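Okay, so here's the structure we're looking at.
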Protein chains: 2
Amino acid sequence: MTAHAHPELTKNQSLVFGSLSDAGGPLTAYAILDLLREDGFRAPLQVYRALDKLVEYGMVHRLESLNAFVACAHTGCSAHGAAAFAICEQCGDVIEFTPDEALKGLNDWAGAQDFTLARMTIELRGTCGACKSKAV
Amino acid sequence: MTAHAHPELTKNQSLVFGSLSDAGGPLTAYAILDLLREDGFRAPLQVYRALDKLVEYGMVHRLESLNAFVACAHTGCSAHGAAAFAICEQCGDVIEFTPDEALKGLNDWAGAQDFTLARMTIELRGTCGACKSKAV
DNA sequence: GAGTTTTATGTAATAATATAACGCGGTCTC
DNA sequence: GAGACCGCGTTATATTATTACATAAAACTC
Ligand SMILES: [Zn+2]
Ligand SMILES: [Zn+2]
Ligand SMILES: [Zn+2]
Ligand SMILES: [Zn+2]
């Protein structure tokens, strides 16, 4: 049993998670809504409610700097305490990683300040290696 | 001359920066607009355009997880390469700091991945020491 | 200094993102 | 079966941000 164990997904949660997994990258809530209209979705709230739960379960991450959501890159999910994301501004690719050294530094700072951490957002913006290669 | 030298502020930029400085904490663009209506502001774009410049000059930071803006805590500004923010979810206070160890870790990761960094977002959410003391 | 480009501005309209409020139906407990 | 809880559907609304177009001020060129 892990820290992020979660119950079976409901129908809507499965559909939303499926959209994100299939996309293989970030989607906005409204993009998900459009993808799921043929499955009966009609209103943003159906997407947001499912996303809330999926984020709670650790299966989906919210990218604050994009106002978008992405399926967790770790197969079983719940494998990591906190995740960081590198977002390529050329191709839109998102790489999820666990920045151990950074997390240690930030946790140390919080401890020294008597700041109790609930969650962290770490997002890098720039250009990925593949896009730099392609550039003339 | 620093990396973030900037020209004299225009009237609108000064008003927006003044609002943020006086507030001593984060404000949304629309909150700034309401504060500046008596100074003649009528439309969101007047705020957003000023904020764009102030962020470019390094005098204001955008808090992605709040969709809000805050005046840089460093008197002269431009003193830091990248900033991190600890946001207390109880009192709303924001503490800006420079997480050297975390920055080193993230820069190292980017170097190893051949990812060219343009900017970073580091935001901690939780409860500050003062609020924990107050709690019964 | 006239002509040109750049930058800042004003205003209206709209787009994109997110939540509030209400009611309904299922499931679980007692 | 009453009560609590959860997920769901729907409508309406709130919040955040940008597009489009016109005007004005400043900076730069010759
Ligand atoms: Zn993850
Ligand atoms: Zn790329
Ligand atoms: Zn700063
Ligand atoms: Zn606090």
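Values in this document were obtained by computation on a predicted structure and should not be read as measured data.
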Would you mind writing out the side-chain donor-acceptor pairs for residues 95-103 of chain B within the sub-3.5 Å range, not counting sequence neighbours?
from  : atom 1 : to    : atom 2 : distance (Å)
B/E96 : OE1    : B/A73 : N      : 2.9
B/E96 : OE2    : B/H61 : NE2    : 3.1
B/E96 : OE2    : B/H74 : ND1    : 3.4
B/E96 : OE2    : B/H80 : NE2    : 3.1

Kindly write out the residues that satisfy side chain to side chain donor-acceptor pair (under 3.5 Å) with B/E123, not counting sequence neighbours, or none if the list is empty. B/S65
Contacts of B/N12 meeting side chain to side chain donor-acceptor pair (under 3.5 Å) (sequence neighbours excluded), chain-then-number -> none
In whole angstrom, give the distance that lies between atom CG of A/L33 and atom C1' of C/dT17.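 From A/L33 CG to C/dT17 C1': 12 Å.
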Protein and nucleotides 24-27 of chain C: nitrogen or oxygen contacts under 3.5 angstrom:
none

Could I get the full list of side-chain contact (heavy atoms from CB on, under 4.5 Å) partners for B/R49, not counting sequence neighbours?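 B/L45.
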Listed partners of A/R119 passing side-chain contact (heavy atoms from CB on, under 4.5 Å), at least two apart: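 Checked A/R119 against side-chain contact (heavy atoms from CB on, under 4.5 Å); matches are A/E64, A/T121, B/E89, B/R125.
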Can you pull out every salt bridge (charged side-chain N to carboxylate O under 4.0 Å, His left out) where at least one residue sits in residues 23-32 of chain B? Sequence neighbours excluded, please.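 Non-adjacent pairs meeting salt bridge (charged side-chain N to carboxylate O under 4.0 Å, His left out): zero.
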Which pairs count as salt bridge (charged side-chain N to carboxylate O under 4.0 Å, His left out) when at least one residue sits in residues 102-117 of chain B, sequence neighbours excluded?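 Listed once each, the pairs are A/K132-B/D114, B/K104-B/D108.
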Identify every side-chain donor-acceptor pair in residues 14-25 of chain A under 3.5 Å, counting partners at least two apart or on other chains, and give the distances.
from  : atom 1 : to    : atom 2 : distance (Å)
A/S14 : OG     : A/T10 : O      : 3.1
A/S19 : OG     : A/L15 : O      : 3.1
A/S21 : OG     : A/F17 : O      : 3.0

Kindly calculate the angle separating the two end axes of the helix from C/dG1-D/dC30 to C/dC30-D/dG1, each obtained from five base pairs, and round it to 10 degrees. 40°
Validation: residues 27-37 of chain B side-chain donor-acceptor distances under 3.5 Å, sequence neighbours left out:
from  : atom 1 : to    : atom 2 : distance (Å)
B/T28 : OG1    : B/A31 : N      : 3.1
B/D34 : OD1    : B/R37 : NE     : 3.2

What pairs of nitrogen or oxygen atoms, one from the protein and one from nucleotides 9-15 of chain D, lie under 3.5 Å apart?
from  : atom 1 : to    : atom 2 : distance (Å)
D/dG9 : OP2    : A/N12 : ND2    : 2.9
D/dG9 : OP2    : A/Q46 : NE2    : 2.6
D/dG9 : N7     : A/R49 : NH2    : 2.4
D/dG9 : O6     : A/R49 : NH1    : 3.2
D/dG9 : O6     : A/R49 : NH2    : 3.4

